[in-house]
Every structure is written in structure tokens, then in C-alpha cells.
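Positions are given from 1, in the same order as the sequence printed here. Everything quoted here is computed from the prediction, not taken from an experiment. Numbering of ligands and ligand atoms starts at 1, following listing order. Quick note: numbers below take in every heavy atom, side chains included, and nothing from hydrogens, waters or symmetry partners.
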Amino acid sequence: MNQNISDTAEREAQIPVQEPQRQYYFMERAKEHLEEMCRAAGRRLTFCVTTFGCQMNARDSEKLVGILERVGYMEEPDEEKADFVIYNTCTVRENANQRVYGRLGQLGRNKKKNPNMMIALCGCMMQEPEVVEKLKKSYPFVDIIFGTHNIYKFAELLVSHMESERTVIDIWKDTDKIVEDLPSERKYPFKSGVNIMFGCNNFCSYCIVPYVRGRERSRDPRAIIKEIERLVSEGVVEVMLLGQNVNSYGKTLDKPMTFAQLLREIEKIDGLERIRFMTSHPKDLSDELIDVMASSGKICRHLHLPVQSGSTRILEKMNRRYTKEGYLALAERIKKAMPDISLTTDIIVGFPGETEEDFQDTLDVVRKVRYDSAFTFIYSKRTGTPAAAMPDQVPGDVVKDRFDRLLKEVQDISTQMCALHQGTVQTVLVESVNAHDPALVTGRLGNNLLVHFPGDASMIGGFFRVKLKECKGFYYIGEIAQ
Ligand code: SAH
Ligand code: SF4
Ligand code: F3S
């Protein structure tokens, strides 16, 4: 037999079948290739991961960075200078896609100038077949394309590209697999996102997420606890539990458990100071959860509770499975149990068929709940979702006018809500030195408000009692309490 062929066969036979061992094997193999590439280039090669979209994507990007660092790449924050650029994409609204196409053009030009350059695209946008077709046709310089379900296989795909020098495309339609224990590089030493579930089963009629993130899967509670314990041992004091609908956590586990029960277990972890979570779907928010939050010393007094619309008629068309009255009653129950809770939300304006009367219902909910802050979105038609085929798409000028009126209402109320804390002393976790004034640090209250106050880098990751001196609309200027 030809020596090369038998070498190759021997090498292939060594590849572990089990995960995550298989990926650690490919990280080593990628490392050997990279070392050769660096020798040829006469310098260390760099990478830059750019993240679009939600916290779920941000967490996935930390996993990509963890893998790249283990392979031996060096992080380069400036995308323009990096040898390996990875875009972790979002497709929740059309403008998210446009941004990626716009920036890809520039990357293509950079690649012509840098012979070492590689480009990888992954994330939600790649789960759409028409996107991949367009990339193949118009952006052939992209080296690796993969989706949301096989992000754990990044090292293997990288090796496949390094060894073939061909474009590697690997997209899975769905998965029931959760691969634990891959490396990840946290952006902050003191706080971290922790996935508790993946995917979504709700199929809100406007939303693409269930199609690109697949069916809902909960992580085993023991894996979650183990991960948080490890994070705490590394200095993390705050975790953000992540899922598209955390309130339905645990339903699909072999031994089902509720989200509230999971929170009780996480609360017991010594050294963990703050627990946050995102996102809560109103239809699944239980009284058990309200009780657990109200009696907890660690769960932050902040609830992101997307309402999407205040009109029962539109909510039904959105397939949200609650009514205006049901939502308002829920908000009341939450506020009664925790008068100091901060409530935030997401609102879509211009869903197909939305009338002025429906929009007035949305304004009414905003005025009644009095959100601490709200993300407002113009409805974006996503091909393949039921809403895209609905009649009565609302004209752009009408939507814009409603959007502006909603934004003003939301901002006026959040300014008033922010001002309520004037003069109080609060516990603040310092996150960074202020970007504009190095004499200040920036920290976050339990309710998610930001405060800037005199300090230095040594305070990052520490808790301080801070007096909120001056409200600036949606943040505070403060000073350490005496
Ligand atoms: N799972 C979360 C939301 C994830 S997407 C939840 O159910 O609340 C984040 C936000 O994007 C949504 O809350 C919604 O307000 C907005 N969004 C989703 N699809 C949209 C679309 N087609 N057009 C405009 N906004 C959209
Ligand atoms: Fe989209 Fe609805 Fe799932 Fe949220 S709950 S991700 S809005 S389908
Ligand atoms: Fe976007 Fe995917 Fe998150 S579509 S909002 S990045 S789940």
C-alpha cells in the first residue's frame, strides 16, 4: 500500500468518535496547521469574532473564541487587521442581514490584500437556505459556513478547510444534541452568560428564531450547576441564565423540573452573588417563579417580560397565547410581590393588520405597566414565518409615525422611572472603567440601571455601596456611600 494512504488511514482511525474529545483532537490538529502557517507568515496570526444579535449569540461567540485561542490564534479586536474574521450572525430582522452583507464586501477587499486571510460565517442567518445560496453565488471568497446546531464542531470544520483549502459548508436542519465541556473564553472575568436551554417551540407568527435555532432542548440541571460552580471558582459573581423562553425550562428533561426549581438549586451555590435570566415568556411565568424571586437574596429584581403588543386581537395573530388583560394582571402580581422590581419589555410596531386602535392598546399597556425600559422594533417581514403571508401589511409611513409616538412614550416613562432612585444608596457591581472619563468606573445595579462614579480599574468585579446622586435620564452619576 502507498505509504501516504496508510498514514492517512492510520491518522483517521485515531479520530475520537465521542464528543467533546473529538473536538479537542481537531483543536490539536488545527494547531499544527496554524503553527506551519505562522512560520510561513513570519508572525503570529490573529482572529476577530464579530457578534450580531442576542445574548445567545454572544455566548456562542465566547465558545468560538475559546476554541480559537486553544488552536493558537491571537485575538485582534480590530476586524480590519485580523487574519481570520468570523461573523456570528443574526437574522431576527431584515436589517441584521443587510449589515452582514454590507460588511462582507469590505472583508472581500481586505482578503485580496492579505494572503493569510480567512473568513467564516456562522449563526442564525446561515440556517436560511436562500442566504447560503446567495453567499455561494455572490461571496465565493467566504471559507467556512456553518450554522447554529453544529457550532461545537468549529475546530473540525476549520481543519477540514485548512487541509482542503476549499470552502467548507456544513449546515444542519435541527439537532437534539447538546455538547458539554468545550473551551470558552469569557468576555468578563466576573460575570457570565450560562445557557440553560436552546431553541424555541413557541412559533410566534412573526419570528424566525424557532426555524433557525431548532426545537427547545433543556440542559441537564447537573451540567448547569457544575458549570456555574466552575465559573464561581474562577471568580464569577454574576450569571445570566439564557434561553428564548426560560419559563418553560425543564419540560423536556427525562426527569422534568421547573425553572423555579432550577433557580432554587442555583441560589445555593456559595460565592455566587447575583442571578439574572432572559427571556421570560409571559404565558409561562408561574406564581412559583414569582415566589422564588421574591424570597431570593440573589435573583436580581429585574424581569424582562416582552409584551410585543397591547392588543389582544394582535396578540392572538402573533400566537403569543396571552391577552392584554392577562398580561396586565401578571405585571400587577409581580409588582405586588416585589414593589422594587424593574420591568422591561420588547414591543413590535406595525404587525400585519395593526390598526390605530390596536396601537392605542399598546400605548395603554406601556402607560399602565410603566416599564423601566423597552426595546421597540418595527415589524420586519421574515420569509417562511406565518405573518409574512398575512394580508394587510401596514404601510411604512404609518408604522414610522406609530413607532415615533411609542418611542416618545417609552422614553418619557423610563426617564421618570429612573428618577425614582434619586438619592438612594444601592449595591453596584463595577463592570469597567468609564469609556469617556477614565476617572470614573461604570457599574450595574441589581435592577440593571447603570451608574458612573469615581473609581479605578482595581474595583472591576467588586461590589460597592453607591449613592445615586444625579439622574441622567437612563443612568446615574453617583459616589461611594460614606
Ligand atoms: N424569545 C424572546 C425574543 C427573542 S427575539 C421572546 O419571546 O421574548 C427578540 C425580540 O425581537 C422579540 O422580543 C421581538 O420583539 C423582536 N422580533 C422578533 N421577530 C421580529 C420581527 N419579525 N420583526 C420585528 N421584531 C421582531
Ligand atoms: Fe421568537 Fe416567540 Fe420563540 Fe421568542 S418565544 S424566540 S419571539 S418564537
Ligand atoms: Fe438573532 Fe439568532 Fe438571537 S436570530 S436574536 S441571534 S437567536
* Starting from atom 7 (S) of ligand 2, find the nearest protein heavy-atom neighbour and note its residue, name and distance. => Tyr206 OH, 3.4 Å
* Over all atoms of both residues, closest heavy-atom pair of Asn97 and Cys90 -> OD1-O, 3.5 Å
* Decide if the gap between the ring center of Phe203 and the ring center of Tyr211 is smaller than 6.0 angstrom. => yes
* **Numbered atoms and elements of ligand 2 in range of Pro210, under 4.0 angstrom, heavy atoms** => 8 (S)
* Structure fact -> shortest atom 4 (Fe) of ligand 2-to-protein heavy-atom contact is with Gln244 O, 4.3 Å
* Residue Phe203 vicinity, atoms of ligand 2 by number, heavy atom under 4.0 Å -> 8 (S)
* What part of Gln308, side chain, backbone, both or neither, has a heavy atom within less than 4.0 angstrom of ligand 1? -> side chain
* **Candidates Arg320, Lys251, Arg321 - the one meeting salt bridge (charged side-chain N to carboxylate O under 4.0 Å, His left out) with Asp284** => Lys251
* **Any donor-acceptor pair under 3.5 Å from Gln127 side chain to Thr148 backbone** => yes
* ligand 1 versus Pro306: contacting region, heavy-atom distance under 4.0 Å -> side chain
* **Atoms in ligand 1 with a heavy atom of Tyr379 nearer than 4.0 Å** => 23 (N), 24 (C)
* **Protein residue, atom and distance nearest to atom 5 (S) of ligand 1, heavy-atom basis** => Val92 CG2, 4.0 Å
* To do: Please confirm whether Met56 comes under 4.0 Å of ligand 3, counting heavy atoms of the residue only.
  => no
* **Proximal atoms of ligand 2 relative to Val209 (non-hydrogen, under 4.0 Å)** => 6 (S)
* To do: Please check if the distance between the ring centroids of Tyr476 and His452 is under 6.0 Å.
  => no
* Structure fact -> SG of Cys471 to CG of Leu420, rounded to nearest 0.5 Å, is 9.0 Å
* So is Arg213 close enough to ligand 1, meaning a heavy atom under 4.0 angstrom away? -> no
* **Under 2.8 Å: N/O/S of Cys200 next to atom 3 (Fe) of ligand 2** => yes
* Take the angle between the ring planes of Phe277 and Phe259 and call it parallel below 30°, perpendicular above 60°, tilted in between. => perpendicular
* **More than 12 heavy atoms of other groups within 6.0 Å of Glu94 CD** => yes
* Are the ring centres of Tyr379 and Tyr206 closer than 6.0 Å? -> no
* To do: Using a 4.0 Å heavy-atom threshold (strictly under), name the region of Asn245 that reaches ligand 2: side chain, backbone, both or neither.
  => neither
* Ion pair present between Glu133 and Lys136, side-chain N to carboxylate O less than 4.0 angstrom? -> yes
* Looking only at distances, please establish whether an N/O atom of ligand 1 is found under 3.5 Å from an N/O atom of Ser380. => yes
* Are Arg320 and ligand 2 in contact, using a heavy-atom cut-off of under 4.0 Å? -> yes
* N/O donor-acceptor pair under 3.5 Å between Arg313 side chain and Gly353 backbone -> yes
* Answer yes or no: is there a donor N or O on one side and an acceptor on the other, between the side chain of Glu62 and the main chain of Lys187, under 3.5 Å? => yes
* Between Glu356 and Gln360, is any pair of side-chain heavy atoms under 4.5 Å apart? -> yes
* Structure fact -> Looking only at protein heavy atoms, what sits closest to atom 24 (C) of ligand 1 is Ile378 O, 3.4 Å
* Tell me which protein heavy atom sits closest to atom 5 (S) of ligand 2, plus the residue, atom name and distance to 0.1 Å. => Asn202 ND2, 3.4 Å
* What do the steps show when you test Arg22 against Glu156 for salt bridge (Lys or Arg N to Asp or Glu O under 4.0 Å), and what is the final call? -> CA-CA 8 Å; Arg22 184 178 173 89; Glu156 188 168 345; 2.8 Å; yes
* Heavy atom of the protein closest to atom 2 (Fe) of ligand 2 (residue, atom name, distance) -> Cys204 SG, 2.3 Å
* To do: Just let me know how Cys124 lines up against ligand 3, side chain, backbone, both or neither, with a heavy-atom cut-off below 4.0 Å.
  => side chain
* **Identity and distance of the protein heavy atom lying nearest atom 9 (C) of ligand 1** => Asp346 OD2, 3.8 Å
* Report the relative orientation of the aromatic rings in Phe375 and Phe377; use parallel for angles under 30°, tilted for 30 to 60°, perpendicular for over 60°. => parallel
* Atoms in ligand 3 with a heavy atom of Cys90 nearer than 4.0 Å -> 1 (Fe), 4 (S), 5 (S), 6 (S)
* Considering distance alone, does some N or O of Gln244 sit under 3.5 Å from an N or O of ligand 1? -> yes
* To do: Specify side chain, backbone, both or neither for Arg93, according to which of its non-hydrogen atoms lie closer than 4.0 Å to ligand 1.
  => side chain
* **Pi-cation contact, Tyr152 with Lys177 (under 6.0 Å, within 45°)** => no
* What's the verdict on side-chain contact (heavy atoms from CB on, under 4.5 Å) for Val246 and Thr279, showing C-alpha distance, side-chain angles and the deciding distance? -> CA-CA 6 Å; Val246 291; Thr279 297; over 6 Å; no
* Interfacing atoms of ligand 3 (cut-off 4.0 Å, heavy-atom, Asn57) -> 6 (S)
* Write out the residue and atom name of the closest protein heavy atom to atom 19 (N) of ligand 1, then the distance separating them to 0.1 Å. => Tyr206 CD1, 3.3 Å
* Distance from atom 6 (C) of ligand 1 to nearest protein heavy atom, with residue and atom -> Thr279 CG2, 3.8 Å
* Asked: Considering only heavy atoms of His281, which atoms of ligand 2 have at least one such atom less than 4.0 Å away?
  -> 5 (S)
* Structure fact -> Quick look: Val209 vs ligand 1, heavy-atom contacts under 4.0 Å, and the answer is neither
* Asked: What protein heavy atom sits nearest atom 1 (Fe) of ligand 2, and how far off is it?
  -> Cys207 SG, 2.3 Å
* To do: Would you kindly specify which portion of Gln244 sits under 4.0 Å from ligand 3, judged on non-hydrogen atoms: side chain, backbone, both or neither?
  => side chain
* **ligand 2-proximal atoms of Pro306, by part, heavy-atom distance under 4.0 Å** => neither
* Short side-chain to backbone donor-acceptor contact, Glu273 and Val236, under 3.5 Å -> no
* Under 4.0 Å from a heavy atom of Arg382: give me the atoms of ligand 1 that qualify, with their elements. => 22 (N)
* **Atoms of ligand 1 close to Arg320 [distance to a heavy atom under 4.0 angstrom, numbered from 1]** => 7 (O)
* With atoms numbered from 1 as shown, which atoms in ligand 3 lie under 4.0 angstrom from a non-hydrogen atom of Cys54? -> 3 (Fe), 5 (S), 6 (S), 7 (S)
* Asked: Distance-only, no hydrogens or angles: does the Asn319 side chain make a donor-acceptor pair with backbone N or O of Glu316 under 3.5 Å?
  -> no
